[in-house]
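Encoded as structure tokens, the structure appears first; notes follow it.
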Protein chains: 2
Amino acid sequence: MSPASIEKQKAILKAALELFAEQGFHAAPMAQLATQAHVGVGSIYRYFKDKNELIEALYEEVDEALQIAIIAGADPTLSTRQQFLHLITNLIYFLKDHPHEFKFLEQYYHSPFGIDKKREKLLLDNATGRQSPFIKIFLDSSGKEIKFLPLQVLHALAFGPILFLIRDTLAGLVEMDDTVIAQVADGCWDAIKNRAD
Amino acid sequence: MSPASIEKQKAILKAALELFAEQGFHAAPMAQLATQAHVGVGSIYRYFKDKNELIEALYEEVDEALQIAIIAGADPTLSTRQQFLHLITNLIYFLKDHPHEFKFLEQYYHSPFGIDKKREKLLLDNATGRQSPFIKIFLDSSGKEIKFLPLQVLHALAFGPILFLIRDTLAGLVEMDDTVIAQVADGCWDAIKNRAD
DNA sequence: CTGTCCGGAATGAACGTTCCGTCCAAGCTA
DNA sequence: TAGCTTGGACGGAACGTTCATTCCGGACAG
């Protein structure tokens, strides 16, 4: 694949991310996508078999960027609490600062393929050693610093508030400054930490 | 409006709830809706101006049922903690036991009209006395039994985990028994309660 | 000149909405 | 009461639009 082709593919993915995030999968016609990417409609189908495959490819790209952002600056020598706060703060800032990525991921996970992807990820994490950094913390500390609860419940308590708040932020219902972010991260920790501590 | 007509309208709303929840707004054609409601396509347009108005009407119906379910058995003499746990447990059971309603509401609030409705509700609550029972608790106790935080943040900490978990439950990723429900409700309280208590 | 890549017009399917012929029940007439 | 009229409710065929996908003529590099 020539360098020009790679540029073209990137342009398509970039335009797709913007359009999908702003208008939704359904309401983002391939024609408009082509225009925004400065490409002919037909060319999109050179790089992606159909619209679904474009969505899948975009998901892989966005998810990788997210995973990298989450673990940035992680330090395993810190306390469980501090590690958790660090990861979750990374997560919040990434999602808040990348609204297109956030909206895209939300849509993706709410769509039929998203459910399957989620299930697949859980199984993969259980089967292989390559666990998400959050799962690692949860499994290591559940019953100690963290409450002894099913993994899914810990997930819900940790991520639920964040997604909720970022949704409202992007809808213009809340302002999320550094103070609020710290408060939410704190609240998430309070929800999962053992009371004894 | 004749009794037969009222029955017909109910049948349309019922079919709409099921189809919208299972397939989404976009993927639920009016023709299929008509079939499922045992009604001609044209008849739907006697009762609702267009698809959007049908969605709005359905929202009003579902939201009312939800509000009623939440406040069932409320007792203002209980402690703030107990009142909160009662309300939130009501909420969890309703959403878990009414998956169609849950999926419909999720879609609605993620759609363009949903955002406006949310904003409208917030303003209404601020302007008039008719506040949601949760808002009442939050405002009464913020800074006392409950952390002094922006209303939106309290909302996020209280509702975020629940929505997250019910989504996963309906996707078949978790089993939500009475124990789990109590654990989540507890976690939500820990997230918003003042540490001093 | 030839093969490859590209763009956008053309295609066909699916959808929301409209329109019109049919049907039924209630009211009127004799 | 029996027959006739009529207005509105009803269903579904038909319409127009929108979209994903395909296809083909041309441009450009080798």
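Letters A, B, ... are given to chains in the order of the sequence lines, protein chains preceding strands, and every chain is numbered from 1.
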Taking the minimum atom-to-atom distance to the side chain of P29(B), which one of dC15(C), dT22(D), dT18(C) wins? dC15(C)
Separation of atom CE in M30(B) from atom P in dT18(C), rounded to whole Å: 10 Å
Residue closer to the 5' end of DNA chain D, V39(B) versus F25(A) (nearest nucleotide): V39(B)
Could you check whether A28(B) gets within reach of a base, just the sugar-phosphate, or nothing at all, counting any heavy atom under 4.0 Å? sugar-phosphate
Starting at NZ of K49(A) and ending at P of dT21(D), how long is that distance when rounded to a whole Å? 8 Å
Less than 6.0 angstrom separating the ring centers of Y59(B) and Y109(B), yes or no? yes
Which residues pass the ring-ring contact (aromatic ring centres under 6.0 Å, His included) test with F102(B), sequence neighbours left out? none
Without decimals, in angstroms, what is the distance between N52(B) CG and dG16(C) P? 11 Å
Within 6.0 Å of CD in E175(B), more than 12 heavy atoms from elsewhere: no
Return the 5'-most residue of the pair D50(B), R46(B) with respect to DNA chain C, ranking by each residue's nearest nucleotide. D50(B)
Quick one: L33(A) CG to dC19(D) C1', roughly how many Å, whole number? 13 Å
dG16(C) C1' sits how many Å from H26(B) NE2, rounded? 14 Å
I want to know whether F20(B) and H100(B) have ring centres closer than 6.0 Å. no
Using a cut-off of strictly less than 4.0 Å, decide whether S43(A) has a side-chain nitrogen or oxygen near OP1 or OP2 of dC6(C). no
Within less than 4.0 Å of OP1 or OP2 of dC5(C), is there a side-chain N or O belonging to Y45(A)? no
Between P on dC6(C) and CZ on F48(A), what's the gap in Å once rounded to a whole number? 13 Å
Report yes if a side-chain nitrogen or oxygen of K8(A) is closer than 4.0 Å to either non-bridging phosphate oxygen (OP1 or OP2) of dC5(C); otherwise report no. no
Whole-Å distance, Y47(B) OH to dG16(C) C1', equals 20 Å
Salt bridge (charged side-chain N to carboxylate O under 4.0 Å, His left out) partners of E106(B), counting only residues at least two apart: R167(B)
Figure out the CD1/P separation between I44(A) and dC23(D), and round it to whole Å. 17 Å
